[in-house]
Structures are given as structure tokens and as C-alpha cells.
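Shown next, in C-alpha cells, is the structure this report addresses.
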2 protein chains.
Amino acid sequence: MLSSDDLLFFGTITASASLADAARQLNVSPPAVTQRLKAIEQRIGVRLIDRSMRGLVLTDEGELVAAEGAAIIDAIERLDDRLERRSTSVRGKLRIAAPYGFGRDYVGPVVGEFARLHPEATVTLELSDHPATLSSDSWDLVIHIGALNTVGRIVTTLAPNHRIACASPSYIAEHPSIIEPDDLQQHRCLALRENNEDVTLWRFTKAKCDPATVRIKPVMATNDGAVMRNWALAGLGVIVRSEWDLAGDIAAGRLVRILPDWQCPDADVVALLGARHGRSRRATVFLELMRASLHPVPWREAGRGT
Amino acid sequence: MLSSDDLLFFGTITASASLADAARQLNVSPPAVTQRLKAIEQRIGVRLIDRSMRGLVLTDEGELVAAEGAAIIDAIERLDDRLERRSTSVRGKLRIAAPYGFGRDYVGPVVGEFARLHPEATVTLELSDHPATLSSDSWDLVIHIGALNTVGRIVTTLAPNHRIACASPSYIAEHPSIIEPDDLQQHRCLALRENNEDVTLWRFTKAKCDPATVRIKPVMATNDGAVMRNWALAGLGVIVRSEWDLAGDIAAGRLVRILPDWQCPDADVVALLGARHGRSRRATVFLELMRASLHPVPWREAGRGT
DNA sequence: TATTCAATTAAGGTTGAAATTAATGCTATC
DNA sequence: GATAGCATTAATTTCAACCTTAATTGAATA
């Protein structure tokens, strides 16, 4: 009889380009995959995969096993989830994806705290350029900053986040002062080009004023937030970035906010819940911990205090 | 994550009266069951069974696992079946139940032949008093002789089978001759009492005659065919039994057919196909073999020959 | 009260599935 | 032709799941 392990194993193979690739995914040597697959085929008396050069081809039976097997594994995982949700303790594997900067500074410590509080759970934190574009099936939680196409996704907000315009003190000293958004057109603006969005259009709003839209002329553009921040720190221009990413620099005086009365469109910190395990107990607990760590917002609290 | 083995194991437990009973079913020692169950509960972090004196009580989670687990195991078995049916070879486990006499004389040899032809298959033949009353889920094939309530069952006929009236030569010599069915009322009749049927009413039909019904007065009755046969061999009376069971005795002259022109209601040899595996390739192949071995009907062929 | 049976804990022991290493044939690509 | 990556076979090795025996506890029963 086929076991769930067999089905899991076969599922990994079908998701791979080759047996060698599957071996890498499974962290075993190639012969292990060949042997085990052969053993399964021998046991059920049917060839499942035609191995040819350049890629694997499932036989009809292989397709059957892949489809039915996936459904069976899915049923087991759902059962696991239902049990896990009834469990009093937090356990299981939690896989989190987050953007580089925010992930390192804010998610990492919370993961540590989570692991300390719940020793029976295991956590994986993967930092990535654009986590929101990752296949949601591989992750329980994907943390993301900014607007997002939420169609078909389950999203929860972790913390408010404003975007602000900044420049280094040296830049401000050496360039004309900025009173109105329109003044930016005379300045060296640095654009963060992500997801093919139109980043040369900066919007500002201010209480009791009409919104202002400025078409900037980016002197430099990058798709990496850290690079852009370094440019700003080096006094190369004005950037618009989220508070969370700049908090440290502003507190330390390395960057200075400009147009402090004007606000950019918000880019809240949100978490995308994976369809499968995103609503498990461990995920819920982690999100609570994450919210608690982001609230109160550190620098605002500091400003309010004293 | 729960494995299919876990679910199979847990399913066996839920079908048992106690852990010790489950251990017997699984052919392992009691501690093995305790330990493995404990390991599973620990892994998923939920108690599944409340062990109390006198019987097991499933927790809510236990009910959940039992129900979902059964469905998952079922899905795997269906997948296995579909694969097995596509396989070119005959393999897997075949479980057959048959009545004692017929099973020993006719099914046993065919099972031997089957095992010889298909070394990759394993066969279990269990002989039982009344196999048709067994839970059909435990058997791939149940072989049965005689009329049967076929509601909700899948039945296929293996061989025709007439029932005939017999007595030993010594009995016939010492008692009045029997010309008409009604004459039986004066004879010592032996009844086979099975399944609470009314066995004291013997029916006979003859070409171009009205059916005859005789209410016999059984001098002895039993629920065991072999016992009744021995009584008849000992000259203790007249019996009505199926040809297959008496073929050897009649051929050897130990029993003599009476009322040869009259026929009793048929009691064909049929096979009940188990809902689950009864239509697997191995079952089909076995049935073919069984039919071939029962056809031509041995003694009729012998009679025809020469 | 003595006995029996179920359940459990503790402490090894088995074994077989699945891994590894090493070596070979094969194809595609440089 | 040389190189590199994939698939495979063969021969060991490893390791963890699972088992066993032995001993203890506790409840039910004769």
C-alpha cells in the first residue's frame, strides 16, 4: 500500500525539473531518489515517471498518483491543522518571508522571541527582495510593506506606516530649501523602482490643502531599498521611504525629514496569510507577538514621552 | 505530520475494545500499542483517547482523527486499487472466505494454483461456517452456496449447482423404496438447519409435473454440513444436499441418489464481491481461475465421457 | 484476599527503510 | 574530443521507528 510518505516524496519529484533537482530539494543524494522511486514503482507494479533526457514525463499512472496524492496529502495537512488549532500548545513549523531591511530589523527579533516562548515550534525566516511575489503556498506568512493587490489573498495589517520624504543634513544644507512639494522638481530625487510601478509620481497630502502631485525627475533609480538609503545617507538626493526603514537614521540625525507637514500615501506593514497554514495557531500567535512588538510605534512613543 | 501509518494504526485501535485487544489485532505486544499511541499524541500535542477501565473513549479530537483518518485511508486504498487495475501483473493481498466443505475441496486447490501462477500476490483463505454473514469489508471475495439476500451486494455465479436427495445404500436397502416425494414423509429425514431458514419444507420439481412440497419430520438436525453428511453415510437417513458436496460420495457409491427425476431448488455456487477490493485485478483473475476449475462440472463430465 | 487483566513505564534489542559512497553509461554542450 | 550534469547500479552503512521483555500499578472479580 502506498504511504503518505511515498505520496509526499512523489509530490516533491513532480514539482522538480529532474530527479537530481528533486534530490537537492529533499537534501539527499541523487541515488536515494532513484532508488526510492524505483522501489515505489516496483511495489505498485506501475511505472510512474518516464525518465528521459531533459526533464521528467509523468506516465498516465504518474499523473493519477500526483493528483490523488496531492489531494490526500492536502487532507492530511488539513487534519493536522485542525488538530493543531485545538492543541493548547504552540507547535509545528512556521515559515515566514519578509523584506530585507524590515525583516532584519523588526521581524528577526520577534522570531527569536517567538522561538524562545514556544520551544516546540520551529521557525524559518527568509528575507527576500519582493516577498509578496513569492508563491504563497510555500509560506505561512509573508510580511510586506505598502500597497498590494489583495485579490485572492488574506491580508492583515500589522502596523501603520507612513512614508516620508528625507534627505541628509549635508544635502539640505547645500541645496535650496523645500517648502512646497513642487519645489522637489528642482531637486535631485532618488526613485525606488519596484514591481514596475510608476515611481516618478510622488503624491503629497496636507490637512486643509489640495493633494499635490509631483512628477519628479529621478537622477538615480534602483530596485533595492538599501542602496537607495545609502545614496540618501551620502547626500545624493531626496528619497521617499517608509518610516520603519528610516527610523534609525532619523533618530540619529543621519537623515532629516523634509516637508514635515505633508504626508505621502501610507504603506502599512501587512502580513499575507498563506492559504494553508496561515491561520494556524502558531501563525496567529506569531502575528500577535509581531503586532505587540510594533506597537506602540517606537519613535512616536519616544517623541511623546518626556 | 500524521502519516498514513499513524492513521491506519489509530483506525485499528478505534475498532478495538481495548488497547490490549488492539495489540492482539496488530499482532504486537500491549506496550507497543501504548507507546505508539502515546508518541502520536505527543507529536500532535492532543490527547486522542481517554483510557479508562472497561473500554476506550475517544476524545473529540480522537473522533476527528478517526473520521478523517478513515476517509484518508480510504482515498489511499482507492488510489491503490486504481493503480492495481492498471498494472499488468497480478499482485496485492487477496482475502477469500468460503464454507468449510466446499472451501476445502474446491477453493483450496484453486488458491494453490493462483499462488503458483502469481507469485507477487498473497492469498488468505478462511473457511467458516457461514461466510455470507461475515462483514463484507474484511473480505475481497466470499464464496457461498445457495440462495442469498443479494441486497446491497455484488454477486457473480461461479457454477451451477443442483441439490439432490441422497441416502446410503444400506439405508435404501432397509427401507421402503421412494418413488414419489410424498413417500419421504415415511422416511427418516435429516435436516441442515442454517440461517434460521425453514428447512423442514423440501420442494421438488419434475418436468411436466406440478411442484411437490413435502413437510418432512426431521429425525435429526444440525447446522453442520459435515455432520449431516456423516449421518447419511452411516445410513441414518435421507438428506438433501448440493451436488458439489456429495459428488465424491456418489461417485464412490457411498451414497445413492433417490428421486433422480425430481429436482430440488438450485443452490448455485456464487461469489460475493467485497465493496472495496472485490473488483481488483487479482480478484477478477482468481474468479476466472475458479470458474475454470469448476467447469466443466467434474462428475457430469465423467458421466458424459466414455 | 487472592487473582486476573488492562495499561503503563523503563530498558534494551532488531531490522529494514533509506541514506551514503563509488563507479558507470549517457546525452548535450562547449 | 572534452566536459559537465543526469540517471542508474551496486555495495555498505546508518539510524530511528518499532519491537520486546520485565516489572509496576490499579481496578474488577471470584
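A note on names: the letters A, B, ... follow the listed sequences, proteins ahead of strands, and every chain is numbered from 1.
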Has [X] got a side-chain atom pairing as donor or acceptor with [Y]'s backbone, closer than 3.5 angstrom?
X       : Y       : result
T59(B)  : G62(B)  : yes
D140(B) : R95(B)  : yes
E84(B)  : R281(B) : yes

Indicate whether OP1 or OP2 belonging to [N] is found under 4.0 Å from a side-chain N or O atom of [X].
X      : N       : value
R36(A) : dA18(C) : yes
R51(A) : dC6(D)  : no
S29(B) : dT20(D) : yes

ask   = What nucleotide, of dA19(C), dA7(C), dA6(C), holds the atom closest to the side chain of R24(B)?
value = dA6(C)

Rounding to an integer number of Å, can you tell me how far [X] [atom1] sits from [N] [atom2]?
X      : N       : atom1 : atom2 : value
E41(A) : dT9(D)  : CD    : P     : 11 Å
L19(A) : dC26(C) : CG    : P     : 18 Å
K38(B) : dA6(C)  : NZ    : P     : 20 Å

task = Give one of base, sugar-phosphate or nothing for S18(B), where a contact means two heavy atoms less than 4.0 Å apart.
result = sugar-phosphate

message = What's A32(A) touching, base or sugar-phosphate or nothing? Going by heavy atoms closer than 4.0 Å.
response = base

request  = Could you tell me whether the side chain of Q35(B) has a donor or acceptor atom within less than 3.5 Å of a complementary atom in the base of dA11(C)?
outcome  = yes

message = Whether the side chain of Q42(A) and the base of dA17(C) hold a donor-acceptor pair under 3.5 Å is what I'd like checked.
response = no

key: Closest heavy-atom pair and its distance - V33(B), F9(B)   = O-CZ, 3.7 Å

R43(A) or P31(A), whichever maps to the more 5' nucleotide of DNA chain C = R43(A)

